[in-house]
Amino acid sequence: MKKGIHPDYKARKVVCVCGNVIETRSTAKNDIHVEICSACHPFFTGKQKLVDTAGRIDRFNKRYGIKSEN
């Protein structure tokens, strides 16, 4: 390999918002911050996150003028 043409490949931390920290190696200059990781992703955990679908539907109906039957 030629010297001086390759970027530095150093140990870095990948930090998730759930608090999970993963040690890896990367050419990034600083630590890497992610919103979701394998510890909190529903595909890997098997748990579904609760989503406020009723609020979304109400906002959609209010925005586009669809009246509810209540």
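Values in this document were obtained by computation on a predicted structure and should not be read as measured data.
Residue Ile22 is grouped with residue Ile32 when hydrophobic side chains (ILVMFWY) are merged at heavy-atom distances under 4.5 angstrom, including chains of intermediate members.
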**OP:** Apply the test side chain to side chain contact (heavy atoms under 4.5 Å, CB included) to residues Val14 and Asp31: give CA-CA distance (whole Å), side-chain angles for both, the deciding distance (0.1 Å), then the verdict.
**Re:** CA-CA 6 Å; Val14 178; Asp31 291 342; over 6 Å; no
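Contact annotation: the side chain of Arg25 never approaches that of Lys10 to less than 4.5 Å [non-hydrogen atoms, C-beta and beyond].
Pairing each heavy atom of Pro7 with each of Thr27, the nearest pair is CG-CG2, 3.9 Å. Considering every non-hydrogen atom in both Arg12 and Asn30, the closest pair reads CD-O, 3.6 Å.
Atom SG of Cys40 sits about 10.0 Å away from atom CD of Glu35, to the nearest 0.5 Å.
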